[in-house]
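Note that the structure is predicted; figures quoted are calculated from it, not measured. A, B, ... follow the sequence lines: proteins, then strands. Residue 1 opens every chain.
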Amino acid sequence: MRSPEIVLKVVGVCRTTNFLTQLHSLTIRTYDTHLAAKITELYFELLPLQTARKLFDEIPHPNLYTCNRILQRFCGKNRYEEVSSLFTSMFSFEKVDHFTLLFALKACSALKATNFGKTIHGLGKKYGIIHSNMFLGSGLIDMYSKCGNMDDAFRAFEEYSKPDIVLWTTLVTGYEKNFKPEEALAVFTGMAMAHCISSDPITLVTVVSACTQLLNLKAGKSVHAHVFRMGYEGSLSLSNALLNLYAKSGSMFYAGNWFRVMEEKDVISWSCIISCCAHNDATDRAISLFDEMIYKGIEPNSVSVISALQACESCCNLNKGRQIHELAFHKSLELDKLVSTALIDMYMSCCSPQEAIIVFDRMPNKDPVSWFALLCGCVKNGMVNKSMQIFCDMMASDIQPDATVMVKILGACSELGVLQLTSCLHSYVIRGGFISNSFIGASVIDCYAKCGSLDEAIKVFERSTDKDVVIWSSMFAGYGIHGQARESIKFFHRMVTDSTVCPNKVTFLSILAACSHAGFVEEGIEFFNIMLNGYQLMPESKHYAIIVDLLARIGELDKAMCLINQMQSRVGVHVWGALLGACRIHQNAEIGEVAARNLLQLDPDHAGYYILLSNVYAVDGKWDDAAELRGSIKERELKKITGQSVVRL
DNA sequence: CTAGGGTTAG
């Protein structure tokens, strides 16, 4: 077997390294370009990168065309390390062409290797092929954009005196993908004003995406009108981009209407509308749309499954969630990390942490987000010890916790109330360099306060160099927890006079809570008014709940009721709960019934409300009503969850 | 052998 043709045929079948070594020496001797091309491909396909490069360097006359083909093949397979390595070997060539550079640029984009990209840019100039065609231009702009370097992308763009539509679009897309939607629209405007350039459907997709980022419905609509004028409504991607714009701008109405009239719909369109419904309290509609999609024979992908799972999550539809899980399993979509994480979220929100843990354990490669979902879910389900365990496992698996994880775990720790653990986490926070993050600082303060050590909380507060509104608020709350409303108020004045920090809604919530905890009725009401009139902050349900509690406690039930009637925001359970609790103390069955009826409407399965109401009846002497209520608790098989609070020093 | 686009996320 001396003929290269025969060798080539054999190469296709036999792929052992041993055989490859023999072929290599043959290739070096024969100088055959076909053989060289084929074997180059095999080196990079089968051997470790370094070995492949070494062998390739020994080949006397590799052919540019075939090397380009190999680069292209590896680009198609996303094997960019190989691309970059082979390209570097090609430096010894007398000349490479724009195809070579284009594939190399693709590798730079994927590997985010800006410096290497700049080298290629320079090579292009050296070889004088930069302006040989527009392909290299868009490749350069795209490379700089994908490396997050828009300044160089723009400079590359400026090197072309007559940019074509693709070049313009690449630049617009670069700005949009780098979260600079204003710049994207500005470039688009520049393009529209440039001579002989009119936008095409692909450009408009990006323009619509920029409008979506800006939540600029008005601009988006005018693009939509332009789409109709140009007759582009047949473009599916463009239709989907518009659908996404309507969905994201919170306009379910527009989204639904546009979805209905869209000529063609694919799985992306369906995912988009399902996600829109799931995020806008139309969970049942989201689920029925998902069913409809399946019924119509549209193959679900991970995105549609995730959106449907989110719908199940927010309406606690465990059975439907399980059904979708099964579907995802059969379609092998559970392999997608985002799907698994959505499943964990769903099971955790539907109060089935065991199933969530099973999903997590099955994940072959867990990412920080899935760890976080598991940790949050355990906290949400009251499994605080378990969440601490997860935190340890996470570090044992070499996953570095980030700021969000730290905030969550500190929250869990404050619930556990173990002071030693708090100081442990505090040291970890300092060592990890997290202490400058004000959310974490505030969590540490809160954690110390809840574990009983106000002194430590104050130390952390005084030591923090950059006290922002979050840190201050956590300190007000800390004093509040310890019943020291006086100190809390003193600190509030210190903040207002000594710093430039402006209080927000959370600040007032902390202050109000402190007043409520210490029974400072007048001060509480005064702060409520300062918030409303002094700072023009709209109180939310939680603020009202505290004020209602304060008023109701001193027996001003009518005033409290009056305040509730004035509320513009949704009246939450805490507001009615505060009122009902006070009605029991002040023996007002009339208002108590109103409060209870509203409560049971908001949360029919909460045993505590039934018991509170039955107590209201009892003190009023309405024994029959009380008995009937107690009966319905038994009927519904509701159990009162007993409260516990623990501090371990 | 070659370039620009749409849905998910704590």
Side-chain angles (χ1 to χ4, degrees), chain A residues 37 64-76 97-106 109 129 132-143 145-146 163-174 176-177 191 199-210 212 232 235-245 247-248 255 259 262 265-276 278-279 300-310 333 336-342 344-345 348 367-377 401-408:
Chain A
L64 174 62
Y65 175 80
T66 40
C67 283
N68 282 347
R69 291 294 296 252
I70 296 165
L71 289 175
Q72 185 201 7
R73 279 194 51 171
F74 283 127
C75 274
D97 62 6
H98 61 268
F99 288 105
T100 323
L101 299 189
L102 204 60
F103 297 132
L105 284 173
K106 264 207 162 157
S109 310
I129 52 176
S132 63
N133 63 36
M134 291 296 182
F135 289 97
L136 200 47
S138 56
L140 279 168
I141 299 169
D142 189 52
M143 180 274 298
S145 307
K146 293 220 169 98
D164 67 356
I165 176 79
V166 178
L167 231 56
W168 278 103
T169 306
T170 313
L171 188 65
V172 177
T173 308
E176 192 264 329
K177 285 276 160 1
M191 182 191 108
S199 50
D200 69 359
I202 298 180
T203 323
L204 293 176
V205 168
T206 299
V207 174
V208 172
S209 301
T212 309
Y232 291 156
S235 158
L236 183 56
S237 320
L238 188 48
S239 291
N240 282 340
L242 286 163
L243 180 64
N244 187 39
L245 165 80
K248 287 285 153 54
F259 180 75
M262 273 171 65
K265 301 176 182 92
D266 65 356
V267 66
I268 295 180
S269 334
W270 284 92
S271 310
C272 190
I273 193 76
I274 292 169
S275 154
C276 176
H279 288 119
N301 63 6
S302 7
V303 183
S304 48
V305 164
I306 290 166
S307 303
L309 285 172
Q310 284 169 344
L333 294 171
D336 185 324
K337 276 185 238 169
L338 291 178
V339 172
S340 293
T341 308
I344 294 171
D345 282 334
M348 286 298 192
D367 72 348
V369 181
S370 43
W371 279 98
F372 187 67
L374 190 72
L375 200 144
C376 283
D402 65 3
T404 17
V405 171
M406 287 316 296
V407 169
K408 202 73 205 175

Just to be sure I understand the rule, does [X] reach a base, reach only the sugar-phosphate, or reach nothing, if contact means heavy atoms closer than 4.0 Å?
| X | result |
| --- | --- |
| Asn244(A) | sugar-phosphate |
| Thr206(A) | sugar-phosphate |
| Lys337(A) | nothing |
| Leu236(A) | base |
| Asp336(A) | nothing |
| Lys146(A) | nothing |
| Ile165(A) | base |
| Ser304(A) | nothing |
| Lys265(A) | nothing |
| Ser239(A) | nothing |

| Sequence neighbours excluded, which residues qualify as side chain to side chain contact (heavy atoms under 4.5 Å, CB included) partners of His98(A)? |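 Partners of His98(A) by the side chain to side chain contact (heavy atoms under 4.5 Å, CB included) criterion, ordered by chain and then number, come out as Ile129(A), Ser132(A), Asn133(A), Leu136(A).
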| said: Once ring pair (Phe, Tyr, Trp, His ring centres under 6.0 Å) is applied, do any residues pair with Phe259(A), and if so which ones, sequence neighbours excluded? | reply: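 Applying ring pair (Phe, Tyr, Trp, His ring centres under 6.0 Å) to Phe259(A) gives Trp270(A).
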| request: Could I get the full list of side chain to side chain donor-acceptor pair (under 3.5 Å) partners for Asp200(A), not counting sequence neighbours? | output: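 Per chain and number, Asp200(A) pairs via side chain to side chain donor-acceptor pair (under 3.5 Å) with Thr203(A).
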| request: Using the test side chain to side chain donor-acceptor pair (under 3.5 Å), find all partners of Thr66(A) that sit at least two apart in sequence or belong to another chain. | output: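 Only Asn63(A) meet the side chain to side chain donor-acceptor pair (under 3.5 Å) criterion with Thr66(A).
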| Taking side chain as C-beta onward, heavy atoms only, is Asn240(A) less than 4.5 Å from Met262(A)? |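 Result yes, sub-4.5 Å side-chain heavy-atom pair found.
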| For Lys146(A), all residues meeting salt bridge (charged side-chain N to carboxylate O under 4.0 Å, His left out), sequence neighbours excluded |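 In terms of salt bridge (charged side-chain N to carboxylate O under 4.0 Å, His left out), with neighbours along the sequence ignored, Lys146(A) is linked to Asp142(A).
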| query | Along DNA chain B, 5' to 3', what are the outermost nucleotides having an atom less than 4.0 Å from a heavy atom of chain A? | reply |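 Answer, 5' to 3': dC1(B) to dG10(B).
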